[in-house]
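This is the structure, below, for whatever I ask next.
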2 protein chains.
Amino acid sequence: MPSPTTSNPAAAGERSTRQKRALAQALDETGEFRSAQSIHASLRAGGERVGLTTVYNQLRALADAGSLDTFRSPEGETLYRRCRTEQHHHHIVCRRCGRTVEIEDDAVESWAASVAKRAGFTEVEHTVEIMGLCRDCRRT
Amino acid sequence: MPSPTTSNPAAAGERSTRQKRALAQALDETGEFRSAQSIHASLRAGGERVGLTTVYNQLRALADAGSLDTFRSPEGETLYRRCRTEQHHHHIVCRRCGRTVEIEDDAVESWAASVAKRAGFTEVEHTVEIMGLCRDCRRT
DNA sequence: TTGATTGCAAAGTGTTTGCAACTAG
DNA sequence: CTAGTTGCAAACACTTTGCAATCAA
């Protein structure tokens, strides 16, 4: 999306609600990737009264705003995690257990940029998916 | 009678049907990752009479048997591709007109390999999508 | 013949949306 | 007040399953 980014991060009327706070806390507690369903279950288990729809709505909003990293598990769930690095980055995903490792390496970034430029493309953006077997899943 | 070690994967009564053949051909034609829905649509468009259920059934069977690689798209679809050992190439896609340019550059290949190795992953494979505006679509 | 295969219809997932009630500012 | 939020219920998209009809060997 060639977004003319007219969106101010700390945008207009954005309220602080009990639900949002609970969700934010849940995300901070476990820095790992978690599914909406799982987060919702935890909140409920913890006594928080939050609707599943709200969890979905908020997670998507946060992800769209760039505050959360997302990735699809092999089982088909969308997993969310608080962003750790501000910069654009990629992940390696274990195709067996779904475990992910973050990649912070500018090499691809510049590679993609130069390759695109050479082909005459502008306003470039890219996605990279690396899959493999992690150490633990290596033998079986 | 001595039980013959039933360890042959491609064993028992497996039939050759029109549908299976069509599906196999579709998979061979485009060596890229494709969704079940997309494959089914192509088959239908090509005049083949194949049920969506059958496409799903066969793709899953083939994947379980290890004949197909699978991977989840960010949109939530399961993508299938015939297994292969040979390296693949990538494309840059114009997000406006859809024109694609082939990328021939091993840089990413080795980058992906080294990054994966550093993270302790094996049997690695990757996909790269670069999108942008091609020369012709640059100015509106 | 006979068991593998097909594919319609229906059931299941995870996720999104319509929208009336609710609430922070 | 009033626009941002909530969450139930219903809609959705993708995938799987039940099962009777079909068909390859």
- Query: Between atom CD in A:Gln37 and atom C1' in C:dT16, what is the gap in whole Å?
  - Reply: 12 Å
- Where do B:Gln19 and B:Arg49 land on the side-chain contact (heavy atoms from CB on, under 4.5 Å) test, with the steps shown first? CA-CA 8 Å; B:Gln19 292 90 331; B:Arg49 289 169 293 101; over 6 Å; no
- Would you tell me if any nitrogen or oxygen in the side chain of B:Gln19 comes within less than 4.0 Å of OP1 or OP2 on D:dC23? no
- Query: Pick the nucleotide of DNA chain D nearest each of A:Ser16 and B:Ser35; which residue has the one closer to the 5' end?
  - Reply: A:Ser16
- For atom NZ of B:Lys20 and atom C1' of D:dC23, their distance in whole Å: 12 Å
- Does a side chain donor of either B:Thr122 or A:Arg135 reach within less than 3.5 Å of an acceptor in the other side chain? no
- Item | OP1 or OP2 of C:dT15 under 4.0 Å from side-chain N/O of A:Thr78 | yes
- Task: Supply the atom-to-atom distance A:Thr78 OG1 to B:Arg72 CZ, rounded to the nearest 0.5 angstrom.
- Result: 9.5 Å
- Counting side-chain heavy atoms from C-beta on, which of C:dG7, D:dT6, D:dT5 comes nearest to B:Arg18? C:dG7
- Query: Of the candidate nucleotides C:dA9, D:dC14, C:dG14, which contains the atom at the shortest distance from the side chain of B:Tyr56?
  - Reply: D:dC14
- Query: Rounded to whole angstroms, how far apart are CG on A:Leu68 and P on C:dT15?
  - Reply: 14 Å
- Item | Separation of atom CD in B:Glu75 from atom C1' in D:dC14, rounded to whole Å | 13 Å
- Please confirm whether any donor atom in the side chain of A:Arg15 sits under 3.5 Å from an acceptor in the base of C:dT23, or the reverse. yes
- Query: The side chain of B:Asn57 lies closest to which of these nucleotides: D:dT17, C:dT5, D:dT5?
  - Reply: D:dT17
- Query: Between B:Phe33 and B:Phe71, does the ring centre distance come in under 6.0 Å?
  - Reply: yes
- Item | For atom CG of A:Leu59 and atom P of C:dT16, their distance in whole Å | 9 Å
- What integer distance in Å separates B:Phe71:CZ from D:dC14:C1'? 16 Å
- Message: Please classify the nucleic acid contact of A:Arg49 as base, sugar-phosphate, or nothing, using heavy-atom distances under 4.0 Å.
- Response: sugar-phosphate
- Message: If you only use heavy atoms from C-beta on, which nucleotide in D:dC8, C:dG7, D:dT6 is closest to the side chain of A:Thr53?
- Response: D:dC8
- Message: Regarding B:Thr17, tell me which of base, sugar-phosphate or nothing describes its non-hydrogen contacts under 4.0 Å with the strands shown.
- Response: sugar-phosphate
- In whole angstrom, what separates B:Leu52's CG from D:dT16's P? 10 Å
- Is it true that the side chains of A:Tyr80 and A:Gln58 contain a donor and an acceptor less than 3.5 Å apart? no
- Query: Whole Å only: how far is the CG atom of B:Asp64 from the P atom of D:dT16?
  - Reply: 9 Å
- What nucleic acid atoms does B:Gln58 come within less than 4.0 Å of, heavy atoms only: base, sugar-phosphate, or nothing? sugar-phosphate
- Query: For B:Arg60 and D:dT15, is the shortest distance between a side-chain N/O and OP1 or OP2 below 4.0 Å?
  - Reply: no
